[in-house]
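Inspection log for the structure reproduced underneath, given as structure tokens.
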Amino acid sequence: MCFGLRTDFRGQLFPGSSELLAVADTLREIRTICTCGAKATMVVRQSLDGRVLTEGEQVSVEKSAYVSLCRKHWEEAIGRWPVKGPE
Ligand SMILES: [Zn+2]
């Protein structure tokens, strides 16, 4: 049994989570709630002054804070929302 984050602050799998998802017989989610009340599935990295960071090392625990958000608010936070459709 093990646990951890599925994706990093960019929404990309960690190497370890990729392997675990591949071999897991059972997955159980630990529910986290976004500020809007929806299920949080993503994480943003913030600098200590609250700016959202979209680049950097995959793992950084110093001088960073992490906030769990739903996909919509995560995409909004990283500047991808609203998503533009085909024109
Ligand atoms: Zn939300």
Side-chain angles (χ1 to χ4, degrees):
M1 182 184 303
C2 53
F3 64 93
L5 294 173
R6 182 179 52 189
T7 58
D8 66 15
F9 68 106
R10 297 166 300 184
Q12 296 177 350
L13 289 170
F14 291 100
S17 56
S18 173
E19 292 295 321
L20 289 171
L21 288 168
V23 300
D25 292 322
T26 304
L27 296 176
R28 190 179 305 170
E29 286 185 297
I30 299 173
R31 261 187 168 246
T32 306
I33 303 299
C34 178
T35 55
C36 70
K39 177 177 149 183
T41 57
M42 310 301 288
V43 176
V44 289
R45 178 185 288 169
Q46 295 179 336
S47 61
L48 294 182
D49 61 1
R51 287 179 300 114
V52 172
L53 304 174
T54 57
E55 295 181 356
E57 297 290 316
Q58 187 173 47
V59 176
S60 173
V61 293
E62 294 181 11
K63 298 180 181 178
S64 298
Y66 293 87
V67 179
S68 298
L69 297 173
C70 69
R71 182 170 296 276
K72 176 188 171 194
H73 284 120
W74 176 78
E75 296 208 5
E76 193 173 82
I78 65 167
R80 276 200 216 161
W81 186 271
V83 177
K84 291 181 180 169
E87 297 184 15

Check whether [X] and [Y] end up in the same hydrophobic cluster, where Ile, Leu, Val, Met, Phe, Trp and Tyr are linked by side-chain heavy atoms less than 4.5 Å apart.
X: Leu27; Y: Leu13; value: yes
X: Leu53; Y: Leu48; value: no
X: Met42; Y: Val67; value: yes
X: Val52; Y: Val43; value: no

* How close do Cys34 and His73 get, heavy atom to heavy atom, and via which atoms? ->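 The answer is SG-ND1, 3.6 Å.
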* Return the minimal non-hydrogen interatomic distance between Phe14 and Val59, and the atom names on each side. =>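 Residues Phe14 and Val59, closest heavy atoms: CE2-CG2, 4.1 Å.
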So how far is it from [X] [atom1] to [Y] [atom2], rounded to the nearest 0.5 Å?
X: Phe9; Y: Ser60; atom1: CZ; atom2: OG; result: 8.0 Å
X: Thr26; Y: Met1; atom1: OG1; atom2: CE; result: 9.5 Å
X: Arg45; Y: Asp8; atom1: CZ; atom2: CG; result: 7.5 Å
X: Gln12; Y: Ser17; atom1: CD; atom2: OG; result: 10.5 Å

* Is the backbone of Ser68 close enough, under 3.5 Å, to the side chain of Trp74 for a donor and an acceptor to pair up by distance? ->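 Looks like no, no N/O pair under 3.5 Å.
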* Please lay out, stage by stage, how Arg6 and Thr41 fare under the test side-chain contact (heavy atoms from CB on, under 4.5 Å). => CA-CA 9 Å; Arg6 182 179 52 189; Thr41 57; 4.0 Å; yes
* To do: Carefully, step by step, assess Gln58 and Arg10 under the rule side-chain contact (heavy atoms from CB on, under 4.5 Å).
  => CA-CA 8 Å; Gln58 187 173 47; Arg10 297 166 300 184; 3.6 Å; yes
